[in-house]
Amino acid sequence: MAQNKWEVVVVGGGPAGLSAAIEAAKSGCRTLVVDANETAGGQLFKQIHKFFGSSAHRAGVRGIDIGGELLAECEKQGVEVWLNSVAIGLFKEKTVAVERGFDNGAKSVVVLEADRIVLASGASENAVRFRGWTLPGVMGAGAAQTMINVNRVLPGKNVLMIGSGNVGLIVSYQLMQAGADVKALVEAAPKIGGYAVHASKIARAGVPIHTGHTVLEARGDRRVEEADICAVDEKWQPLLETKKTLAVDTVTIAAGLKPLVELAMMHDCQMMFHPVLGGWAPLHDAKMETTSPGIYVAGDISGVEEANTALEEGKLAGISAAESLGKIGEADADRIRSEIWGRLDGLRLGPHGVMRMQAKSEQIDHYKSAQSA
Amino acid sequence: MSVENEGYLTIEELKAAGQYPSGARFQEGPVAVIECVQEIPCNPCETACRFGAIRVGEPITNLPKADEGKCTGCGLCVARCPGLAIFIVDKTYGEGLGAVSFPYEYFPLPSEGDEVTAVDRAGRGVCAGTVVKILAPESFDRTPVVTVAVPVGKAEDVRGIERAGQAGGQS
Amino acid sequence: MENRVENHVVLGMEPPQNLVEITVDGKPVRAREGEKILAALLAQGIIVNRYTVKRGEPRGLFCGIGQCTDCAMVVDGKPNVRTCMTPVRAGMVIETQHGLGRRANGTE
């Protein structure tokens, strides 16, 4: 069953998974990408803004366009992509159980044998719980972004955004680009979490940004009709006397992401909790290999960062998997990896990046101590 | 800093970051004002400038430094900045008039000649303005650049216009 | 008017779509063939997809990428279909799900 034996199986076809698959296939590995969605590309196709980074490496290019380039490159390199297919199990013998979807809607479970596995399953949005948070009209910021930029429908017209990280700031901007109004953005912390330039874009578009504020309640008859916000004190407790009611039909939550690590845990990959990286994530070395030999991670599963770091981590994983299968020499692999690490280090500088740089190096240090133990 | 709490910069913050053009340079004609004061990993502005007027260097988290002597105010950097943080300010546009060019990624676009409400960095309407130019060549990659003429005294404050359909502007 | 993003500064005009009819809680609804069921309903302002088992509370779009199941509905008699992941086909019969949903053959 040639269909069920692969040199490299990549779980997740987002920026990390696709770039891992491209590098592995380029080096001559028979490579399969398994993706749960109808289209690969992960969240790139809702990233309609121009990315930061170095102009030598696609900075200034919009995420949607990077997604298109990656899919074209996968095809060129002969990467096989199974869509509507969910990896549902990962077992000791490096076998992957996949519920494979077919174009006609049929599904069947297959067990794949893989010489190397790259887990690039991404992350999921965190929720914030407040009174009324389950009402229709309260949703993840990423969900709203999917609706407007991928499905091209507006989930609502008047939005309250919770959270001032880059997701909250960018999705606020994109909601306005799609024709909605963002009535306010609240952030419980005393300072804005994301990049100032993203905040400035929405500030000059008239969005009031309230730092030191939180959402108290969303109300309405079977859907959000209004929401209360108020200031918080230095212990994060709401100051009810500052309560204000906003007429909104949508509340979007941008409270960070957490790595989707179930498959790695199934395989007993050793994990580490790091708040900067979104919670539990598998330990890995500088080649992105986990404590389970032959299992690699890349992108948000290895700690939540950004699409441009995911692209670079995917390349590290793909090249290292190919090297371990003897498809590429150690010297070449080392040279390419050191170039990638140079770029990753560059992306992890500045006041926002340096914490991630520190967290990622702790991950690698813990990997080393786990291996020597 | 206002930028960390409310999300918009003040001129004082910009001046403190050492990025603000001199008064003398403003009197010479259009000049780029780079409103990027956080060290983020980004450098497309550096290669966007044909005159070598913007320097980021290594590491790419350096703040962009504009050489106001080399800057011609051509505006090529405006649409290239992923943060939409570069503006062209021309305080010599006309009798009592200044012009401000800014990235404007919203539909519908205004038309030349439209009378609009010009807004400052905080989104507050500060004066009436006239749209005098809209550029959206393919090389701008879907980031149109709009130029609005405003009273010269407002040119350092105006950073955009009210959107069609924006609350306060319309329905 | 539908809640559609028809023209967009970055995404451009929506490409031409094949319009089909589906039935939602007994009423005909126009949808784009192949779009997600959830999107077709949101475009019409239909925001409640299901009511919960115990308290009968309304639920709608929450994650949009097939993880949370809040948008589950009964589709062609089959309950618990994630409408954010399932494409529209002509003639689909879609019902708001109450509780665990009732299969077409009457079993829970």
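Sequence lines set the chain letters: A, B, ... in the order given, protein chains first and strands last, and positions in each chain run from 1.
- Contacts of Ala178(A) with chain B are absent, with no heavy-atom separation under 4.5 Å from either backbone or side chain.
- Of the atoms belonging to Ile60(B), it is side-chain heavy atoms, and not backbone ones, that fall under 4.5 Å from chain A.
- Salt-bridge annotation for Arg348(A) and Glu313(A): present, with a side-chain N of the basic residue lying under 4.0 Å from a carboxylate O of the acidic one.
- The most heavy-atom pairs under 4.5 Å with chain B, out of Ala59(A), Gly212(A), Ala205(A), come from Ala205(A).
- Between Phe52(A) and His352(A), the distance from one ring center to the other does not fall under 6.0 angstrom.
- Environment of CE in Met357(A): crowded, with over 12 heavy atoms of neighbouring residues, nucleotides or ligands closer than 6.0 Å.
- Checked for salt-bridge contact, Arg121(B) and Glu12(B) miss the test: no charged N lies under 4.0 Å from a carboxylate O.
- The aromatic rings of Tyr104(B) and Tyr106(B) lie perpendicular to each other, with more than 60° between the two planes, well past the 30° mark.
- Neither the backbone nor the side chain of Glu58(B) comes within contact range of chain A; no heavy atom of the residue lies under 4.5 Å from a heavy atom of that chain.
- Ion pairing between a basic and an acidic side chain is recognised when a charged N comes within 4.0 Å of a carboxylate O; Lys157(A) and Asp181(A) show no such pairing.
- A cation-pi arrangement is found for Lys201(A) relative to Tyr173(A), the charged atom lying closer than 6.0 Å to the ring centre and inside a 45° cone about the ring normal.
- Of the two parts of Gln38(B), only the side chain, counted from C-beta on, holds a non-hydrogen atom closer than 4.5 Å to a non-hydrogen atom of chain A.
- Each of Gly160(B), Pro59(B), Pro41(B) has some count of heavy-atom pairs under 4.5 Å with chain A, and the biggest count is that of Pro41(B).
- If you tally non-hydrogen atom pairs under 4.5 Å between each of Ser164(A), Ala199(A), Gly353(A) and chain B, the highest count goes to Ala199(A).
- If you tally non-hydrogen atom pairs under 4.5 Å between each of Val119(B), Ile40(B), Thr47(B), Asp120(B) and chain A, the highest count goes to Ile40(B).
- At a 4.5 Å heavy-atom cutoff, Arg124(B) makes no contact with chain A through either its backbone or its side chain.
- Of the listed residues (Arg142(B), Arg80(B), Arg159(B)), the greatest number of heavy-atom pairs within a distance under 4.5 Å of chain A belongs to Arg142(B).
- Proximity to chain B is absent for every atom of Pro208(A), based on heavy atoms less than 4.5 angstrom apart.
- Arg55(B) has a carboxylate O that lies under 4.0 Å from a charged side-chain N of Glu46(B), or vice versa, which qualifies the two as a salt bridge.
- Only the side chain of Asp65(A) comes within contact range of chain B, with at least one heavy atom under 4.5 Å from a heavy atom of that chain.
- Counting heavy-atom pairs under 4.5 Å between each of His49(A), His198(A), Lys50(A) and chain B puts Lys50(A) at the top.
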